[in-house]
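Here's the structure we're looking at; comments come further down.
In this text the structure is predicted, and so the values were computed from the model without any measurement. Proteins come first, then strands; the chains are lettered A, B, ... in the order of their sequence lines, and each starts at number 1.
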Amino acid sequence: MDASNLKQITPWLWEFPTAGNMRVPARIYGDRALVAAMDDAVIRQLANVAALPGIVRAALAMPDAHSGFGFPIGGVAAFDPDQDGVICMGGVGYDIACGVRVLHTGLRREEIQPHLEALMDQFQLLVPAGVGGTGGIQLKAGELDRVLVQGARWAVKQGYGTREDLERLEDGGAMSGAVPETVSDQARKREKRQLGTLGAGNHYLEIQCVEEVLHPSAGLLGVASDDVLISVHCGSRGLGHQIGTDYIRILGEAARRHRIPIPEKELVCAPIRSSEAERYYQAMACGANYAMANRQMIVHLIREAFQRVLPGVQVRTLFEVNHNTCRREDHPVEGRSRPLYVHRKGATRAFGPESPQIQEPFRRTGQPILVGGSMGTDSYILAGRESSEDAFASTCHGSGRALSRSQALKRTPGRDVLTQLTSRGILIRTNHLKGLAEEAPAAYKDIHQVVEASTQAGLTNKFARLSPLGCLKG
DNA sequence: ATGTTC
């Protein structure tokens, strides 16, 4: 992207001014190099989003943004129900409430090292992974509806976790507003035996070590140097994908009736107060609850693996954050708190300390966020700040793709990626070499640069830098 | 991301 077409607001924030049918400007967070490296489609898609009814302040892109289906990945947009604002499928994406759970093993680097191979083997054995992957639990008749409403709380009630896990999940593990009747038979059919499965693509389960503590309050999150953590990155599987697919048609018809122009298929939307948008929100909340239950089931499998290899180890939840959602949240608009519908696609919430909109354990630090690097690179723990409110309390979610999947496939064969990572001492487990090539480190932006831009822009503070020890890829 | 182009 040619940054000379953009107005520099700060060295970490750029603006594409309102033009044509845009109602608000488009703004991109990132340093000059990150913005210059973004594909032009990011601006085109942000301009499309900026033209939607009821959009507030600006259409935003985080420093890890790249083009997505209809709406950039790394995109944020908020809509006001009193200004004919809309709910937009593309602002959530297909993998509803994809997110990251972060666990603490209670172990230090030297304690885990002799058991790493055995642990990775057990993870591979116990956690089903891959496209179309089943092997998750078979739900009894009627049970799925309870999962869709209760989310991770359902899993804990079944004995797959603890109350302490739930205290550290968004909404205590159950997003409100879920109505199972809005989820199609087709979506239910695709769900069969996928609860407790990792999925494919950039989804992973990684053992990580705290390399560097970067904030004096890191201890409040329970993180210290050389601690061994686990990150689980996955989402709502076939069920969430089918909900997205189903509502493209429903929201598309609504958009036509309300005469909202839809330049790209997945940008379909409907007025927040229409029955179609209400139903989409209810179905999306079901997808979010499925994703949170899914991660909770995987946490249970991780604990099972530890029981086999290192019995007695207590694996605790540190936090979880979703990065593909639309949520009703209160935000100040022109000095007054307003209920807005905030879409974050490949972007996470980043409320600062004291915010009533985050779980109680995080009120002193701000919302904790795991920003995943690509496979084999560092990750960061960040926490939200009050100044993130400029971006509707949002920040980046990962390092962000620099190459498309097909470009990455051409660049490096999967076997070479495996060799490179192994030679750096990272244990890789996968059943799918092609997937490894698509997710090669070279296919991603530089995580350090993305995190630095987010920090300099005032969206988040750095709390810790993590390095990978072992990775199970979907 | 995804019953890997319904």
Could you tell me how far apart [X] ([atom1]) and [N] ([atom2]) are, to the nearest whole angstrom?
{"X": "A:Lys189", "N": "B:dT2", "atom1": "NZ", "atom2": "C1'", "answer": "16 Å"}
{"X": "A:Asp95", "N": "B:dT4", "atom1": "CG", "atom2": "C1'", "answer": "14 Å"}
{"X": "A:His432", "N": "B:dT4", "atom1": "NE2", "atom2": "P", "answer": "12 Å"}

Once you apply a heavy-atom cut-off of 4.0 Å, does [X] come out as touching a base, just sugar-phosphate, or nothing?
{"X": "A:Gly199", "answer": "sugar-phosphate"}
{"X": "A:Arg193", "answer": "nothing"}
{"X": "A:Gln186", "answer": "base"}

Is it true that, when you exclude A:Arg193 itself, more than 12 heavy atoms of the residues, nucleotides or ligands shown sit nearer than 6.0 Å to its CZ? yes
Please, which pairs that meet ring pair (Phe, Tyr, Trp, His ring centres under 6.0 Å) have at least one residue in residues 397-429 of chain A, sequence neighbours excluded?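 Those involving residues 397-429 of chain A are A:His323-A:His397.
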By salt bridge (Lys or Arg N to Asp or Glu O under 4.0 Å) - contacts of A:Asp171 (at least two apart): A:Arg327
Enumerate donor-acceptor pairs with a distance under 3.5 Å from any side-chain N or O in residues 54-61 of chain A to protein atoms, sequence neighbours excluded.
| from | atom 1 | to | atom 2 | distance (Å) |
| --- | --- | --- | --- | --- |
| A:Arg57 | NH1 | A:Glu389 | O | 3.0 |
| A:Arg57 | NH1 | A:Asp390 | O | 3.1 |
| A:Arg57 | NH2 | A:Pro332 | O | 3.2 |

Determine which bases of DNA chain B form Watson-Crick or G-U wobble pairs with both distances under 3.5 Å, and write the result as a 5' to 3' dot-bracket string with | for other-strand partners. ......
Once side-chain contact (heavy atoms from CB on, under 4.5 Å) is applied, do any residues pair with A:Ala443, and if so which ones, sequence neighbours excluded?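 Once residues adjacent in sequence are excluded, the partners of A:Ala443 under the side-chain contact (heavy atoms from CB on, under 4.5 Å) criterion are A:Arg401, A:Leu403, A:Ala408.
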Output side-chain donor-acceptor pairs under 3.5 Å for residues 277-286 of chain A, partner residues at least two apart or in another chain, one line each.
| from | atom 1 | to | atom 2 | distance (Å) |
| --- | --- | --- | --- | --- |
| A:Tyr281 | OH | A:Arg328 | N | 3.0 |

